[in-house]
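Working notes, structure below.
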There are 2 protein chains.
Amino acid sequence: MSLKQQQEWYEQQQKMHVAVDCIIFGFSEGKLKLLVFKRKLEPLSGKWSLLGSFVRGDEDVKSATGRVLYELTGFKDVFLKELKCYSNVDRDPGQRCISIAHYALIDAEDRTKQIVAGHDAHWFTINELPELVFDHTMMAMDALEALKAEARRQPIGFELLPECFTIPQLQSLYEAIYGKSLDSRNFRKKVNSFNVLLKTNVKDYGSSKKGAYLYRFDEARYNQLVASGYDFVL
Amino acid sequence: MSLKQQQEWYEQQQKMHVAVDCIIFGFSEGKLKLLVFKRKLEPLSGKWSLLGSFVRGDEDVKSATGRVLYELTGFKDVFLKELKCYSNVDRDPGQRCISIAHYALIDAEDRTKQIVAGHDAHWFTINELPELVFDHTMMAMDALEALKAEARRQPIGFELLPECFTIPQLQSLYEAIYGKSLDSRNFRKKVNSFNVLLKTNVKDYGSSKKGAYLYRFDEARYNQLVASGYDFVL
DNA sequence: CCAAAAGTGTTACACGTACACCCATGA
DNA sequence: TCATGGGTGTACGTGTAACACTTTTGG
């Protein structure tokens with residue numbers, strides 16, 4: 001096949017819109033939450049929707065997700081993991097459009113409140129999600145499953161917490177992810193066995209009179225654990 | 001935003017070619033293998049390549065993968081699992097083109113020999129792979145990692161074997177996937193504990209004088225195990 | 001009778017899991 | 001002083017991993 005023929009053949013093939021959608025997980029008030037936005041485009045303008053965008057000609061899919069996440073939340077270097085490609089022929093009533101979904105883990109407490117207000121966005125607890133446009137509800141369910149599965153392979157829980165956190169906070173995060181309560185003694189034992197926590201001398205009195213010690217985590221050791229594929233079952 | 005504006009906006013967005021590629025795993029002669037094809041298109045015509053195709057307007061991504069797999073190998077209802085979306089801007093020197101890769105598990109012994117000959121294809125042992133076009137080598141490496149990870153979650157090993165197989169065959173398959181040797185007593189104990197094997201009275205004398213009993217697996221029990229998310233660590 | 005692969009049990013150790021009480025503090 | 005959440009140790013059972021010998025049969 002000549003180069004010209006090849007170019008013609010490429011042209012014959014149907015092109016498609018390629019979008020990205022992002023399931024944004026956060027953790028606040030002891031609950032696992034999802035950040036969803038009021039859609040600004042027809043069709044279904046005004047309905048709740050995941051964060052999304054079309055992929056530009058000069059960026060790859062993950063960059064596109066990172067870009068739109070940055071544009072709307074100001075967060076950079078967010079934990080982003082590819083979930084799945086959604087490609088049903090009629091998933092978008094506008095035009096043929098496939099979407100590659102990623103999920104993101106961010107610290108919801110932090111600066112997000114203003115951002116949320118400024119973009120018609122809202123944090124919903126995962127089991128109180130409103131109806132979402134298109135196949136976004138499916139994406140959210142799939143992402144939750146993936147998060148559960150991933151939580152036992154990697155210590156991703158930390159991505160959802162602020163820099164300093166208490167053990168009870170960490171435990172309640174894992175309880176929220178797994179949807180069941182854990183024994184605090186066994187939890188501490190396990191977490192300590194990984195040697196990824198650095199105890200500070202500071203106590204957090206936010207949720208008890210006695211106060212709980214704040215920890216930060218040991219990045220080096222943490223990355224080492226992730227790289228070695230350690231199993232993080234809690 | 002009006003419907004017209006929305007349509008215009010959709011149109012402004014760059015469309016892309018959307019392709020699928022398929023990493024086809026097989027198991028024969030005690031080795032884990034990959035089926036690769038001589039590329040028939042410029043650029044890089046004649047080089048080794050994974051099985052691929054463009055996605056048509058009337059099919060989703062997984063269907064497209066299934067279709068091209070069927071067209072070239074005649075296999076239907078193959079185990080297919082989405083791997084990852086490859087979307088580097090310059091991954092295809094022809095045009096901007098993203099590709100969603102799946103991996104497939106098929107019984108390599110079976111009917112594939114004629115097919116292979118008829119399509120300029122070849123089974124390569126995974127650690128003797130030739131150079132592949134574009135980012136296909138990366139896809140193959142990623143697929144192997146994913147297969148290893150998946151093998152401990154689901155009893156996918158069976159997909160790669162003929163209907164009847166011996167325990168030593170099954171063991172050597174897992175040894176090939178994990179890249180290490182396993183203790184035969186522990187292996188049998190573990191496999192038996194799943195109750196997915198049905199012993200036949202037939203022996204296979206292909207690899208020993210004594211002969212090894214052939215087993216088939218219990219579909220019902222197998223599907224039940226997969227559904228319950230049982231951990232299949234060997 | 002020998003080589004080559006199939007098949008079979010037991011033991012030690014690690015890890016997961018269940019479980020109850022004291023501590024520190026603010027109200 | 002009491003209510004609330006933080007923090008600690010032990011005992012038991014399950015599952016994993018290490019280990020060697022007998023059986024069958026074709027050449």
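Chain A is the first sequence line, chain B the second, and so forth, proteins listed ahead of strands; every chain is numbered from 1. Everything quoted here is computed from the prediction, not taken from an experiment.
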According to salt bridge (Lys or Arg N to Asp or Glu O under 4.0 Å), who are the partners of Lys84(B), at least two apart in sequence or on a separate chain? none

Mind calculating the distance between OH (Tyr178(A)) and C1' (dG16(C)) to the nearest angstrom? 14 Å

Residue set satisfying side-chain hydrogen bond (donor to acceptor under 3.5 Å, both in side chains) with Glu175(B), at least two apart, ordered chain then number -> Gln171(B)

List the residues meeting side-chain hydrogen bond (donor to acceptor under 3.5 Å, both in side chains) with Glu82(A), not counting sequence neighbours, and say none if there are none. none

In whole angstrom, what separates Lys190(B)'s NZ from dT16(D)'s P? 3 Å

Please tabulate, for side-chain N and O atoms in residues 126-134 of chain A, each donor-acceptor pair with protein atoms closer than 3.5 Å (sequence neighbours left out).
none

Whole-Å gap separating P (dT25(D)) and CG (Asp204(B)): 15 Å

Using atom CG of Leu182(A) as one end and atom P of dA18(C) as the other, report the distance to the nearest whole Å. 11 Å

Please list, chain by chain and in numerical order, all residues satisfying side-chain contact (heavy atoms from CB on, under 4.5 Å) with Leu80(A), sequence neighbours excluded. Cys22(A), Lys62(A), Thr65(A), Leu69(A), His102(A), Ala104(A)

Grab the N/O contacts between the protein and nucleotides 5-12 of chain D below 3.5 Å, and write none if there aren't any.
residue	atom	partner	partner atom	Å
dG6(D)	N3	Lys210(A)	NZ	3.3
dG7(D)	OP1	Tyr213(A)	N	3.1
dG7(D)	OP2	Arg188(A)	NH2	2.7
dT10(D)	O4	Lys189(A)	NZ	2.9

Examine the side chains of Thr166(A) and Asp204(A) and answer whether a donor and an acceptor come within less than 3.5 Å of each other. no

